[in-house]
Amino acid sequence: LWVKGRSISQQFTPGAIAEARKCFEDAIAREPAFAKPYFGLADLLFAAVQFGLVEPREALPQLRAAIATSLELDESFPEAHALHGVIRGTLDYDWPGAEAAFRRALELGPGSATVLIQHAWFYLVPTLRLVRALDEAQQAVVLDPLSGLVRGRLGLVRMAARQYGAAVEDCRAAVELAPGRWWAHWFYGTALLLDGRLAEGFRESKRLYDEVHQPLAVGAMALLYGLFRRGAQAKRFLVELDRVSGTTPVPPIAWAFACIGTGDD
């Protein structure tokens, strides 16, 4: 159940989130002292909040409780410490606390690709330690060369470092490793746009919108049409986002994308 949940969870779609969550909860019901499903549930909920797939006010307390339980049951679990570091930094803005959690994660799991890529993207990039972030992200790819998510996050780190051409290559590799994952196409389209390959980036983004219709994709389409000075189409996507918000959680960044696209500062 734990392994199945982990596999399903990285699709990052509403259906996959629900199915993976059931796997983790069933694993917890079967063996309440097993730490990994609690970590899996916390990691799943963090991704779901990040991509705007669940209501944060409901999910965040559950996420915090799950990661706390995982660490109580197994203090030697490096990936759980790394996720705790992610939460301390990105949700609490407690960067000293995040540093302490990641230090423990790196002590326990120096060869963990998950620990290294999360430390690079969620701690070193926000604190502007880009040289070390690039080094650790590349180490993570060496440790887990078949992970599309790890390779894609290397692409994100390269974008933060303004290495756009290299980011395009890493994100293209992520698409090849995880062709059915919408987030890989999201990373790839973003890298193309930042590299100045606007037509290719627009096509990749439009394909993503056509396939998944998630709020982030809707907001991104408004932004892109605005960048191409097609204001009427941008406003149409803003209207669609407003309609979607009646039934689906819409992350603030999706609204920001749409407002930029329609020229509303």
Side-chain angles (χ1 to χ4, degrees), residues 9-18 46-56 59 90 121 125 148-149 151-160 162-165 167-265:
S9 67
Q10 291 196 358
Q11 296 176 39
F12 300 138
T13 63
I17 295 292
F46 179 79
V49 168
Q50 186 182 9
F51 290 125
L53 300 173
V54 295
E55 172 53 55
T90 61
W121 178 239
V125 168
L149 187 58
R151 191 65 180 268
R153 280 183 172 158
L154 170 58
L156 295 178
V157 173
R158 290 200 191 279
M159 289 183 231
R162 303 190 180 191
Q163 297 181 0
Y164 301 133
V168 167
E169 296 309 310
D170 283 314
C171 292
R172 179 186 291 118
V175 169
E176 292 170 356
L177 289 165
R181 303 293 190 253
W182 69 267
W183 46 266
H185 293 277
W186 172 273
F187 296 170
Y188 182 42
T190 303
L192 287 166
L193 291 164
L194 290 172
D195 196 40
R197 296 159 67 172
L198 301 183
E200 292 175 80
F202 184 87
R203 284 196 298 271
E204 192 72 18
S205 302
K206 179 66 164 58
R207 183 182 303 118
L208 175 67
Y209 166 80
D210 290 340
E211 290 177 1
V212 301
H213 266 288
Q214 291 187 13
L216 280 174
V218 178
M221 290 306 298
L223 171 61
L224 289 175
Y225 274 112
L227 292 175
F228 280 90
R229 300 186 185 282
R230 296 167 70 176
Q233 288 94 330
K235 288 179 181 176
R236 188 187 62 181
F237 285 103
L238 178 59
V239 170
E240 180 180 346
L241 194 62
D242 189 49
R243 184 174 65 250
V244 167
S245 70
T247 57
T248 303
V250 176
I253 193 68
W255 291 114
F257 287 161
C259 289
I260 293 170
T262 56
D264 183 354
D265 291 341

Yes or no on side-chain contact (heavy atoms from CB on, under 4.5 Å) for Asp242 and Trp255, after CA distance, side-chain angles and deciding distance? CA-CA 9 Å; Asp242 189 49; Trp255 291 114; 4.0 Å; yes
Provide the closest heavy-atom pair for Val175 versus Ala184 in the form atom of the first, atom of the second, distance. CG2-O, 3.5 Å
Got a second to check how far Ile260's CD1 is from Leu238's CG, nearest 0.5 Å? 12.0 Å
Parallel, tilted or perpendicular for Phe237 and Tyr209, by the 30°/60° rule? perpendicular
Gap separating the CH2 atom of Trp186 from the CG atom of Leu216, nearest 0.5 angstrom: 4.5 Å
Aromatic contact between Trp182 and Phe51, with the criterion being ring centroids under 6.0 Å apart: yes or no? yes
In sequence, state the C-alpha distance, the side-chain angles, and the governing distance for Leu156 and Arg153, and then conclude on side-chain contact (heavy atoms from CB on, under 4.5 Å). CA-CA 5 Å; Leu156 295 178; Arg153 280 183 172 158; 4.2 Å; yes
Nearest non-hydrogen partners of Gln214 and Thr13, listed with the distance: NE2-CA, 4.1 Å
Minimum heavy-atom separation for Pro249 and Pro215, please, with both atom names. O-CG, 3.6 Å
Side chain of Thr248, backbone of Ser245: donor and acceptor closer than 3.5 Å? no
Do Cys171 and His185 come close enough that some side-chain heavy atom pair is under 4.5 Å? no
How many angstroms lie between atom OH of Tyr164 and atom CE of Met159, to the nearest 0.5 angstrom? 9.5 Å
Check Ala222 against Ala234 and note the closest heavy-atom contact, atom names and distance. O-CB, 3.4 Å
Looking at Arg203 and Glu200, is any side-chain nitrogen of the basic one under 4.0 Å from a carboxylate oxygen of the acidic one? no
Decide side-chain contact (heavy atoms from CB on, under 4.5 Å) for Val218 and Phe257; before the verdict, give the C-alpha distance in whole Å, the side-chain angles of both, and the deciding distance to 0.1 Å. CA-CA 9 Å; Val218 178; Phe257 287 161; over 6 Å; no
Quick check: closest heavy atoms across Leu224 and Ser205, and the distance to 0.1 Å? CD1-CB, 3.4 Å
Gap between atom CG of Asp264 and atom NZ of Lys235 - 0.5 Å precision: 10.0 Å
Gap between atom CZ of Phe202 and atom CG of Leu227 - 0.5 Å precision: 10.0 Å
CG-CD distance between Leu149 and Gln10, expressed to the nearest 0.5 angstrom: 5.0 Å
To check you understand the geometry: which heavy-atom pair defines the closest contact between Gly148 and Leu177, and what is its length? CA-CB, 3.9 Å
